[in-house]
*Asks:* 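Following this message is one structure expressed as structure tokens.
Protein chains get the first letters and strands the later ones, always in sequence-line order, with residue 1 at the start of each.
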2 protein chains.
Amino acid sequence: MPKLDASLIAGLPPFEGLQRDELEEVLAPARSIRFAAGTAIFDQEAEAESFFVLLDGYVRVVRTTPEGQQVIVRYISEGEIFGIAAALGRTTYPATAVAAMDCVALAWPSALWPELSSRFPSLGANTYKTVGSRLQDAHTRVVEMSTEQVEQRVAHALLRLVKQTGRKTEEGIEIDFPITRQDIAEMTGATLHTVSRLLSAWEEQNIVKSRRKHVTVCNPHSLMLKAESRDKT
Amino acid sequence: MPKLDASLIAGLPPFEGLQRDELEEVLAPARSIRFAAGTAIFDQEAEAESFFVLLDGYVRVVRTTPEGQQVIVRYISEGEIFGIAAALGRTTYPATAVAAMDCVALAWPSALWPELSSRFPSLGANTYKTVGSRLQDAHTRVVEMSTEQVEQRVAHALLRLVKQTGRKTEEGIEIDFPITRQDIAEMTGATLHTVSRLLSAWEEQNIVKSRRKHVTVCNPHSLMLKAESRDKT
DNA sequence: CGGAAAACTTGCGCTCGCGCAAAGTGAGAT
DNA sequence: ATCTCACTTTGCGCGAGCGCAAGTTTTCCG
């Protein structure tokens, strides 16, 4: 195993506020792992042996119901920490994490969390801050699911993805990883049929452009209008 | 202000693992406050000046949309910590907390959190553990909202309330605080009309008994059936 | 004790979005 | 090169549950 360099993680949100030598100390027990697109990084209900920081790619976090229905809980972007069951007093993962494209991640043994977080308080603080914002995100989604129509929810979901992972192209801002209608449906509590219809309608209006597994938002402002008001403009 | 006694908080989940003298130390900067039913303990978006532990009563946590729609995020029971924006790196409260009945709570200045949690690591660990389970609860609700019909969601919500706050009576298990059809609707993303219809139908089948602002579950098993399967038995 | 507000019930019609079905299309594999 | 599978589109009908409306009951308060 090659020795990992501190510059790998310098500047990433979880490690903000750490000194160079501290970074190296944190990094020492980590190993770097590649995951091919579509492979599981960890499985729901499995023993939480590791926690991770994503160095490259995108990860989809999915919860599966006893009946086999899937719901996408969130997408993880570069630099984010995930799989932190240990930090929240759990011994198993509450969801499955799947590489949405080829990924590279650092992995630490969960057992090291108490030591690491107490030795490097900023690490703990940074982590709990992201937990806080994820809790808020989750509540925001509950509110959306409770109060909005499908069209608004899909619009909100696209806007969030574009904001989180958007990559500028000549036609607009493209979501930076392969995403299907089915995926969008699982994020919004809709069916792939309805999502497909919405995207077609929006393409008609030059608000989005989509190809197989790719979505580009051309007119974010119009999409925001769709997201806000429930009248049928 | 009367000096508070350590026995007040001994045995409460957030303070598990603390010694007697530590409890007193933790308690020193706290003050005890009463809240009349219906009054706000803190408001969404307000500066997070304090965090709280509920000693008596129940608290409703509500998020309000820009359009004025309300969604009940959760209920807080005796012994739970809440309003911990500070622990999650926030400076404002993400939701409003309202006393669902007359309540007594302890309040600490938010500014003390870093010191308290580092001086008493169990306090931090206990708190983050509850944050973890709340994050999970929120995701569970997202999954429910995505995959279940209204009837199942209402059944699940009642079962959860009964489990969390149930008080045994001769007729069954009663939810321990005043709760309206509107409240249940705001927990489940339904309308009060639909909730009313469901409760009427279930009363017909001797599954629940409800009076104004009170709900008793007589037959939890039948209610679990309603919660699980989407066929119309 | 009486009046009013708050909470609850019930009926009716309509619409959003699902369920089902079937055909079309792009992309990777051999 | 073409085959095949995964992804996508589109049509049609139906039903859950909302929106609106009107009426009833309970509790609170003067």
*Asks:* In whole angstroms, how far is the P atom of dT8(D) from the CZ atom of R211(A)?
*Replies:*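 Those two atoms, CZ and P, are 11 Å apart.
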
*Asks:* Is the closest side-chain donor-acceptor distance between T216(B) and R211(B) under 3.5 Å?
*Replies:*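 No, because no side-chain N or O of T216(B) sits under 3.5 Å from a partner of the opposite role on R211(B).
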
*Asks:* Among dC18(C), dG17(D), dG26(C), which nucleotide sits nearest the side chain of Q149(B)?
*Replies:* dG17(D)

*Asks:* So if I apply the side-chain contact (heavy atoms from CB on, under 4.5 Å) rule between W202(A) and each of E151(A), K209(A), R197(A), which one comes out positive?
*Replies:* E151(A)

*Asks:* Can a donor-acceptor pair be found between the side chains of Q149(A) and K226(A) at a distance below 3.5 Å?
*Replies:*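 No, no side-chain donor-acceptor pair sits under 3.5 Å.
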
*Asks:* It should be established whether T180(A) places a side-chain nitrogen or oxygen under 4.0 Å from OP1 or OP2 of nucleotide dC7(D).
*Replies:* no

*Asks:* Counting only side-chain N and O atoms of Q182(A), is one of them less than 4.0 Å from OP1 or OP2 of dC7(D)?
*Replies:*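 No, outside the criterion.
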
*Asks:* Determine the interplanar angle of the F52(A) and F82(A) rings, folded into 0 to 90°, and report it as parallel if under 30°, tilted if 30 to 60°, perpendicular if over 60°.
*Replies:*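 Judged by the thresholds at 30° and 60°, the geometry between F52(A) and F82(A) is parallel.
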
*Asks:* When you check the phosphate oxygens OP1 and OP2 of dT9(C), does a side-chain N or O of R197(B) lie under 4.0 Å from one of them?
*Replies:*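 It does not, given that no N or O in the side chain of R197(B) lies less than 4.0 Å from OP1 or OP2 of dT9(C).
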
*Asks:* Do H193(A) and dT8(D) have a side chain to base donor-acceptor pair shorter than 3.5 Å?
*Replies:*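 When only heavy-atom distances are counted, H193(A) does not reach the base of dT8(D) through any donor-acceptor pair under 3.5 Å.
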
*Asks:* Of all the choices, dG17(C), dT8(D), dG19(C), which nucleotide is nearest to the side chain of R181(A) once you look at every atom?
*Replies:*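 Selected nucleotide: dT8(D).
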
*Asks:* Could you tell me whether the phosphate oxygens of dT10(C), OP1 or OP2, come under 4.0 Å of any side-chain nitrogen or oxygen in S200(B)?
*Replies:*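 Checking S200(B) against dT10(C): at least one side-chain N or O falls below 4.0 Å of OP1 or OP2.
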
*Asks:* Could you tell me how far apart L192(A) (CG) and dT9(D) (P) are, to the nearest whole angstrom?
*Replies:* 9 Å

*Asks:* Is the distance from OP1 or OP2 of dT9(C) to the nearest side-chain N or O of S196(B) less than 4.0 Å?
*Replies:*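 For S196(B), the contact criterion (side-chain N or O under 4.0 Å from OP1 or OP2 of dT9(C)) is met.
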
*Asks:* Could you tell me the separation between the CD atom of E186(A) and the P atom of dC18(C), rounded to a whole number of Å?
*Replies:* 13 Å

